[in-house]
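Notes to accompany the following structure.
Proteins come first, then strands; the chains are lettered A, B, ... in the order of their sequence lines, and each starts at number 1. Everything numeric in this text was worked out from a predicted model, so none of it was measured. All values below come from the heavy atoms of this structure, side chains included, with hydrogens, waters and symmetry mates left out.
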Number of protein chains: 2
Amino acid sequence: MNLPPLVQTFVLHFGEMGSRWGINRTVGQIYALLFISKEPLNAEDIVERLGVSRSNVSMGLKELQAWNLVRLQHKPGDRRDYFSTPDDIWQIVRTLVEERKKREIDPTMTLLREVLMQEPASAEERHAQERMREMHDLFELLTGWYADVQRLDTERLVQLLTLGSKVQKILEMKDRLFVVPGSKKSRRDDPKDK
Amino acid sequence: MNLPPLVQTFVLHFGEMGSRWGINRTVGQIYALLFISKEPLNAEDIVERLGVSRSNVSMGLKELQAWNLVRLQHKPGDRRDYFSTPDDIWQIVRTLVEERKKREIDPTMTLLREVLMQEPASAEERHAQERMREMHDLFELLTGWYADVQRLDTERLVQLLTLGSKVQKILEMKDRLFVVPGSKKSRRDDPKDK
DNA sequence: CTGAAATTTCAGAATATTCTGAAATATCGG
DNA sequence: CCGATATTTCAGAATATTCTGAAATTTCAG
């Protein structure tokens, strides 16, 4: 591995972290390297810096492209493919969340919906379905929130995150100011309330 | 594997999903099984239902305990250990997020802080540090939001998630009502603003 | 077209992880 | 304390993943 020490620490760390995230070490390292590079890199650059085989880099880049995590671009008069990550780190977060949702949440929701359609054949199955219903509703709430928040532009998203639970205070204030007392509790208690 | 078909589908799915989440198939299956079971199960129950070895179950349960994802309890007059998941699914979410933060975010933050202390020895290193700073600040914002939101009781958390970006509308309303016009922009634009 | 450069594919080697059975250890009622 | 029951440990087998080098394919300038 042929990298400045400071960069190497970072790259090695993301290589190790990769395995916790369902991507392999090399893919993690390639991504980390592209992330901290000022200029886009071609495959041969990556081979030299990480000290892995050309074919390994090729497969790693293919996987990163499947995740939409890298951009492919070209330099004038140079046939090689150059890769980079978006400059905007929030764009990276959005892509990551979107792709993980697509791979993990969506198939799980499909399965849950299928299983919940079936008729339970025993008390055991009935209870199992109840639990799956809870999980289904939870995922629905979370993905609904995500779909909503994802549409915000970054400035507003940051504003929202910075506030954190202080939003709560504002909600309480809103309630005190605007909600008709009698209707307040029932509206708030139903998670499906839009 | 000795399970009602409906339950088996669910258990197999979580076995496969496990690998995307840094846990192995058996651990995923054990967790899924405990999640949909009405009654706590002992190790031998799990062996029978999943058709894996006793030692594999033992190791799987140990890992789930390390993740704080299962509860160990006893029945009167029975020496065996019985395991279950919390009834409250929100408690499960909180634990999962907490543990993943502990294992993935916290070590990364430690590393970023260390590397950011060092003196860059080249333009390349300087740029790398800038990117790491961006990542550090992003993680800090996200974990700050998380720490804040985590303290909410479940009812309020659900309320917040249900609102989604509608919170935005309320914020705008608040601004219009309460903020002194001149100070508005500068306050809103600084992400570090508490 | 041609052929040099770039990239991809893929079989098998290298490595890492998971799983098992046997043995060791721990627990607890009597 | 004994011994029956429960649980854990761990070496090695089974399996799965990752990585490489060689060959195949693609791309494009001339």
Side-chain angles (χ1 to χ4, degrees), chain A residues 1-2 11-12 14-34 39-67 70-84 103, chain B residues 1-2 11-12 14-34 39-67 70-84 103:
Chain A
M1 193 170 286
N2 184 15
V11 165
L12 289 175
F14 274 82
E16 297 314 317
M17 277 298 156
S19 40
R20 294 187 196 271
W21 274 67
I23 60 170
N24 69 41
R25 191 151 39 94
T26 307
V27 173
Q29 290 181 357
I30 293 174
Y31 189 80
L33 180 59
L34 293 175
E39 298 300 324
L41 302 179
N42 64 43
E44 203 52 53
D45 293 336
I46 298 170
V47 166
E48 281 165 28
R49 292 182 208 211
L50 298 185
V52 297
S53 74
R54 182 64 185 75
S55 55
N56 199 359
V57 169
S58 178
M59 292 189 299
L61 287 170
K62 233 180 87 187
E63 182 162 358
L64 288 171
Q65 284 176 284
W67 278 82
V70 294
R71 304 248 158 106
L72 168 59
Q73 56 211 289
H74 289 98
K75 299 195 173 187
D78 188 336
R79 277 172 51 193
R80 292 169 294 179
D81 294 341
Y82 283 79
F83 295 90
S84 64
R103 284 152 210 257
Chain B
M1 193 170 283
N2 184 15
V11 165
L12 289 175
F14 274 82
E16 298 314 317
M17 277 300 155
S19 40
R20 294 187 197 272
W21 275 67
I23 60 170
N24 69 41
R25 191 153 37 96
T26 306
V27 174
Q29 291 181 355
I30 294 173
Y31 189 79
L33 180 59
L34 292 175
E39 297 300 323
L41 302 179
N42 64 45
E44 203 53 51
D45 293 335
I46 298 170
V47 166
E48 281 165 28
R49 293 181 208 213
L50 298 185
V52 297
S53 75
R54 182 65 184 76
S55 54
N56 198 358
V57 169
S58 178
M59 290 189 299
L61 287 169
K62 233 179 87 185
E63 181 162 358
L64 288 171
Q65 284 176 284
W67 277 82
V70 294
R71 302 248 160 107
L72 169 60
Q73 56 211 289
H74 288 99
K75 298 195 174 189
D78 187 337
R79 277 171 53 192
R80 291 169 294 179
D81 293 342
Y82 283 79
F83 296 90
S84 64
R103 283 153 211 256

For A:G22 versus A:E63, what's the shortest heavy-atom pair and its separation? O-OE2, 4.4 Å
In whole angstroms, how far is the P atom of D:dA13 from the CG atom of B:N56? 18 Å
Does the side chain of B:R54 get closer than 4.0 angstrom to OP1 or OP2 of D:dT7 through an N or O atom? yes
If you define the side chain from C-beta out and look only at heavy atoms, does anything of B:V11 sit under 4.5 Å from B:R49? no
Whole Å only: how far is the CG atom of A:L50 from the C1' atom of D:dT20? 15 Å
Taking only N and O in the side chain of A:N24, is any of them less than 4.0 Å away from OP1 or OP2 of D:dT17? no
With DNA chain D as reference, determine whether B:E44 or A:V27 sits nearer its 5' end, using the nearest nucleotide of each. B:E44
Please report the distance, rounded to the nearest Å, between CD in A:Q29 and P in D:dT18. 13 Å
Looking at A:K62, I'd like to know whether one of its side-chain N or O atoms comes within less than 4.0 Å of OP1 or OP2 on C:dT7. no
Whether A:S55 contacts D:dA22 is assessed here as follows: a side-chain N or O lying under 4.0 Å from the phosphate OP1 or OP2. Is that the case? no
Taking the side chain as C-beta and beyond, is there a heavy-atom pair between B:L33 and B:L50 under 4.5 Å? yes
What integer distance in Å separates A:D45:CG from C:dT7:C1'? 15 Å
hbond_proxy A:S53 side chain to D:dG21 base (donor-acceptor, 3.5 Å cutoff): no
Should the side chain of B:R79 and the base of D:dA6 be counted as holding a donor-acceptor pair, with the cut-off at 3.5 Å? no
A:D81 side chain reached by A:L61 side chain, heavy atoms, under 4.5 Å: no
When the distance from CE of B:M59 to P of D:dA11 is rounded to whole Å, what number comes out? 12 Å
Closest listed nucleotide, where the reference is the side chain of A:S58 and the choices are C:dG21, C:dT7, D:dT7: C:dT7
Closest-nucleotide ordering on DNA chain D, the 5'-leading residue of A:H74 and A:V52: A:V52
Measure the shortest side-chain to side-chain distance between B:L72 and B:Y82 over non-hydrogen atoms and say whether it is less than 4.5 angstrom. no
D:dG21 -> Watson-Crick or G-U wobble partner, both distances under 3.5 Å, gives C:dC10
Quick one: which of C:dT7, C:dC19, D:dA6 gets closest to the side chain of B:R80? D:dA6
At under 4.0 Å, does any side-chain N or O of A:R25 touch on OP1 or OP2 of C:dT15? no
Could you check whether B:D81 gets within reach of a base, just the sugar-phosphate, or nothing at all, counting any heavy atom under 4.0 Å? sugar-phosphate
In whole angstroms, how far is the C1' atom of C:dT27 from the NZ atom of B:K75? 20 Å
Write down the distance between CZ (B:F83) and C1' (D:dA6), rounded to a whole number of angstrom. 11 Å
Do A:I30 and A:L41 come within less than 4.5 Å of each other through their side chains, counting heavy atoms only? no
From OH of A:Y82 across to C1' of D:dT27 the rounded distance in Å is 16 Å
